Enquirer: 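Let me begin by handing over the structure; questions about it come next.
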Amino acid sequence: MSNLVVVESPAKANTIAKFLGKDFTVVSSYGHIRDLSPKAFGIDVANGFNPDYVVPEDKKNLVKDLKNATKKASSVWLATDEDREGEAIAWHLCAVLGLDPQKTKRIVFHEITKNAILEAVKKPRYIDQNLVNAQQARRILDRIVGYELSPILWKKVKPALSAGRVQSVALRLLVEREREIIAFTSTSSFRITGQYKSAHKNSAEFTAELNERITDKDEARNFLNLCSTATFTVGDIKTKPAKRFPAPPFTTSTLQQEASRKLGFSVAQTMSVAQKLYEAGKISYMRTDSVNLSATVLNASKEIITSLYGAKYSHTRQYTTKSKGAQEAHEAIRPTYMDQSSVNGTNAEKRLYELIWKRTVASQMKEAEIEKTTATVTVSGSPRQLIASGEVILFDGFLKVYAESTDDDSDENQKNMLPQLTAGESLAMLQMFAVERFTHYPPRYTEASLVRKLEELGIGRPSTYAPTISTVLNRGYAVKEDRPGTDRNFIQLTLVNQKVTEEIKSETTGNEKSKLFPTDIGMIVTDFLMNNFDDIIDYNFTASVEKTFDEIAEGQMEWTKMLSTFYKPFHKKVEDSLKNSERSRGRRELGIDPATGRPVTVLIGRFGPMVQLGDNTKDEKLQFASLLKHQYLETITLEEALELFKLPRKLGQFEGHEVTTGIGRFGPFINHKGKYYSIRKTEGEPFTITFDQAIAIIIERRELEKNKLIAEFAEKPGLKVLNGRYGPYISYEKENYKIPRAVAPESLTLDECLRIIESSGKNNHNRQSKSSSRPVNKKITRSKSKSAKKASGSKQVKSASVKKKPASVRAKKKTKK
DNA sequence: CAGTGAGCGAGCTTCCGCTTGACTT
């Protein structure tokens with residue numbers, strides 16, 4: 001007589017098994033076990049939206065194991081999460097395992113502790129069909145939106161694109177921000193600061209800033225001139241106490257943001273490192289939107305804070321989750337053992353764990369007490385005032401452990417201490433500056449700041465933030481990259497020794513690191529959706545459907561009724577736009593080429609954005625050129641477009657062959673006798689580089705090439721010993737082989753080389769056959785991990801579901817270095 | 001490694017949310 005308990009995650013199954021003892025077997029469902037069939041539409045709309053649920057290929061073995069376990073058990077307990085998705089998983093389990101939803105015990109844990117679990121087992125309930133129906137409505141609505149919109153894009157924009165309730169809004173955010181940046185015009189004004197000193201003995205100097213910006217340079221200069229002879233007096237001094245409170249413990253999205261800012265992790269990287277920590281039992285579950293901490297953690301925190309910093313640093317706080325639909329079933333992300341301030345593991349694991357530990361501890365600490373002081377400095381002969389402000393930390397509190405960082409950590413906002421000042425005292429002015437400052441365009445999104453925005457809008461869930469970003473990138477809707485800034489001059493006026501001098505200085509601006517840039521395709525898709533389905537990618541769409549899902553969950557609305565209310569007008573729009581909307585290719589007429597009188601057009605071509613010279617309705621030979629990497633279809637000018645036709649450029653004859661320059665997939669190059677030489681940034685650009693410069697580059701590269709060859713053998717012309725970036729190696733039949741450290745590469749004989757190749761175990765023919773059979777073999781023979789074994793008896797074998805990638809993808813992966 | 005590009009059309013592509021794996025230079 002045994003009890004079978006099903007939870008969602010194998011790691012959770014492990015811990016629960018310990019609490020429940022021998023009479024219970026705890027297994028995991030690994031999330032959902034059924035879904036709408038992926039190939040077809042999967043919904044019979046005419047038949048009450050009847051869904052066609054199937055067990056995915058890679059879950060079939062798991063389901064088989066679960067069925068076996070069910071047969072052996074005298075009683076089954078469904079202990080999936082207490083939310084819409086968890087309830088639906090339980091319901092699908094019933095359907096698949098042949099259990100009666102109204103008779104099978106359903107339990108939920110609010111906390112993974114022995115007590116909470118034993119309590120839960122004492123009062124089981126049954127499946128809540130309303131909650132299940134809310135999930136079905138959610139699932140089916142997403143399928144309808146995704147599978148009806150995507151094919152329109154295939155027809156009207158480009159094949160293999162996609163649209164969805166979440167990803168299309170994420171993309172819209174990027175596109176709209178980019179357009180704000182494009183439309184932004186920077187203005188400048190003068191920020192005036194002065195350094196002063198009080199007459200007190202040993203008084204420190206301090207900085208004060210004018211309480212307004214002056215736009216006109218002459219006016220700024222006049223003010224400094226006035227200051228050169230003015231007297232400066234301390235006006236008001238105001239001190240007021242302030243408090244700073246710790247941030248709540250981590251949720252998925254705040255963890256992603258802080259790991260991005262403090263550790264430079266990508267959103268996906270954060271999740272995979274957190275998963276490792278979770279599986280090792282170091283932290284609680286990492287996909288959560290709750291800031292809740294269990295009573296056990298609160299107590300443990302109090303103890304650890306008291307022992308490390310003293311009782312006055314401890315302050316127990318219970319945070320409540322603001323966003324609706326948040327599940328108190330999960331806790332915030334926090335250490336499993338509060339007394340462990342660090343862990344063993346990879347560098348990334350250590351750093352992420354420390355961040356989590358500090359954030360959790362800080363959240364249970366006393367607020368910091370601060371004294372803020374502002375003093376005005378009056379200027380004789382002028383109504384203008386300067387303001388000096390300073391901050392003193394009276395009690396550091398949680399700041400001892402952790403300070404949250406912000407997206408714009410500019411040093412201009414740093415607050416220092418002010419020296420002791422008294423109202424009415426006169427000050428010595430040491431120097432003053434008027435520095436031209438420019439307004440900055442709104443910040444581009446990073447992965448993490450996009451996640452924050454989505455969460456704010458209530459769009460997406462902790463388990464989907466990282467995959468959503470990946471989708472937007474994988475569809476080619478956006479790219480994540482660094483872009484160097486440009487140099488900009490600014491004016492600085494300096495007043496020292498009663499003299500005002502002016503100089504022009506230079507700074508770099510607009511440098512972007514790991515930012516998301518929408519592509520032309522991303523913009524075209526967003527425009528298309530805005531024109532035809534603005535209600536779906538409305539920022540409030542998710543929020544409003546969530547409201548009706550809640551009504552379904554509470555039994556106040558029928559789920560099929562909700563769906564048909566949505567479907568009718570939506571589907572009509574789908575049909576309309578299929579019939580009536582234009583093909584969207586971002587086509588734009590730039591004007592007429594003055595040289596030839598032919599029209600210049602930009603549009604998306606088969607291989608991306610391009611410029612076309614000539615009219616394709618007339619019978620003339622068209623000319624094409626690709627846009628450069630950072631040019632947008634919607635902003636490129638006629639002049640810039642015409643420039644693109646100048647490549648490839650002929651520079652002249654060298655050694656009897658033409659030297660040309662161009663820009664290819666891998667950047668700018670020089671071509672001579674069929675050989676390509678990359679032009680580095682510092683060496684010039686293909687549009688302007690001179691013949692002599694190009695020859696110099698060719699000769700330099702040949703010299704490098706010469707040094708590259710260490711040895712070759714007449715008997716085997718294809719085999720070479722070469723000097724590469726990573727040291728000497730053997731090149732043979734398009735493969736490279738490492739030479740062992742102990743061997744001197746110059747003295748290698750042909751036989752020795754062949755032996756190295758032999759012993760490396762890679763040989764062209766072997767490799768190819770291996771690459772096609774490898775995935776299947778590997779997966780079957782792979783040993784099961786300890787936790788998974790215990791959780792589900794035997795883990796699902798994915799071999800049957802391994803999709804063969806198209807040859808092109810495989811080849812690309814192989815040759816990629 | 002550095003090409004191509006219009007238009008036509010066969011046959012392919014696609015959603016969100018739960019989970020954890022799986023390649024290798």
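Sequence lines set the chain letters: A, B, ... in the order given, protein chains first and strands last, and positions in each chain run from 1. Quantities reported herein were computed from a predicted structural model and do not represent experimental measurements.
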Enquirer: Mind checking what makes side-chain contact (heavy atoms from CB on, under 4.5 Å) contact with A/Lys282, not counting sequence neighbours?
Expert: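 Partners of A/Lys282 by the side-chain contact (heavy atoms from CB on, under 4.5 Å) criterion, ordered by chain and then number, come out as A/Leu277, A/Ala280, A/Gln340, A/Val343, A/Tyr353.
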Enquirer: Show me the dot-bracket string of DNA chain B, counting Watson-Crick or G-U pairs under 3.5 Å, with | for pairs to another strand and [ ] for crossing ones.
Expert: .........................
Enquirer: Holding to side-chain hydrogen bond (donor to acceptor under 3.5 Å, both in side chains), I want the full list of residues that pass it with A/Tyr147, two or more places apart in sequence or in another chain.
Expert: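 Listed in chain order: nothing, the list is empty.
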Enquirer: Measure the distance between the ring centre of A/Tyr147 and the centre of the six-membered base ring of B/dT14, then answer whether it is under 5.5 Å with planes under 30°.
Expert: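 Here the ring of A/Tyr147 and the base of B/dT14 are stacked, with centres under 5.5 Å and planes under 30°.
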Enquirer: Taking for each residue the nucleotide of DNA chain B with the nearest heavy atom, is it A/Val145 or A/Pro668 whose nucleotide lies nearer the 5' end?
Expert: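 The 5'-side residue here is A/Pro668.
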Enquirer: Could you go over nucleotides 6-12 of chain B and give all protein N or O partners under 3.5 Å, atom names and distances?
Expert:
residue	atom	partner	partner atom	Å
B/dG7	OP2	A/Arg585	NH1	2.7

Enquirer: By nearest nucleotide on DNA chain B, pick out whichever of A/Pro151 and A/Tyr676 is the more 5' one.
Expert: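 Taking each residue's closest nucleotide, the earlier one in sequence belongs to A/Tyr676.
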Enquirer: List the residues meeting salt bridge (charged side-chain N to carboxylate O under 4.0 Å, His left out) with A/Glu85, not counting sequence neighbours, and say none if there are none.
Expert: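 In terms of salt bridge (charged side-chain N to carboxylate O under 4.0 Å, His left out), with neighbours along the sequence ignored, A/Glu85 is linked to A/Arg138.
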Enquirer: Looking across every strand, which nucleic acid part, if any, lies under 4.0 Å from A/Ala163 by heavy atom: base, sugar-phosphate, or nothing?
Expert: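 Since only primed, P, OP1 and OP2 atoms lie under 4.0 Å of A/Ala163, the category is sugar-phosphate.
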Enquirer: If only side-chain N and O atoms of A/Arg287 are considered, is one of them under 4.0 Å from the OP1 or OP2 phosphate oxygen of B/dC18?
Expert: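 No.
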Enquirer: Any base atoms under 4.0 Å from A/Tyr285, or only sugar-phosphate, or nothing? Heavy atoms, all strands.
Expert: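 Here A/Tyr285 touches the backbone only, sparing every base.
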Enquirer: Among all residues two or more places apart in sequence or in another chain, which pass the side-chain contact (heavy atoms from CB on, under 4.5 Å) test with A/Arg34?
Expert: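 A/Arg34: side-chain contact (heavy atoms from CB on, under 4.5 Å) contacts with A/Tyr53, A/Val55, A/Trp91, A/His92, A/Ala95, A/Val96.
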Enquirer: Between the side chains of A/Thr80 and A/Glu8, does any donor sit under 3.5 Å from an acceptor?
Expert: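 Looking only at side-chain atoms, A/Glu8 and A/Thr80 do not form any donor-acceptor pair under 3.5 Å.
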Enquirer: Which nucleotide wins on minimum distance to the side chain of A/Ile89, given the candidates B/dC18, B/dT14, B/dT19?
Expert: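 The answer is B/dC18.
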Enquirer: Could you tell me whether A/Thr80 contacts a base, only the sugar-phosphate backbone, or nothing, with contacts defined as non-hydrogen atoms closer than 4.0 Å?
Expert: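 No contact at all - A/Thr80 keeps every heavy atom at 4.0 Å or more from the nucleic acid.
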Enquirer: List in chain and number order the residues that pass side-chain contact (heavy atoms from CB on, under 4.5 Å) with A/Tyr285, two or more places apart in sequence or in another chain; answer none if no residue qualifies.
Expert: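 A/Tyr285 satisfies side-chain contact (heavy atoms from CB on, under 4.5 Å) with A/Tyr278, A/Arg287, A/His330 only.
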Enquirer: List the residues meeting salt bridge (charged side-chain N to carboxylate O under 4.0 Å, His left out) with A/Arg172, not counting sequence neighbours, and say none if there are none.
Expert: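 Scan of A/Arg172 (salt bridge (charged side-chain N to carboxylate O under 4.0 Å, His left out), adjacent residues dropped) gives A/Glu176.
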Enquirer: Run the side-chain contact (heavy atoms from CB on, under 4.5 Å) test against A/Asp520 and tell me which residues pass, sequence neighbours left out.
Expert: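 Expected list: A/Ile604, A/Pro609, A/Tyr632, A/Leu633.
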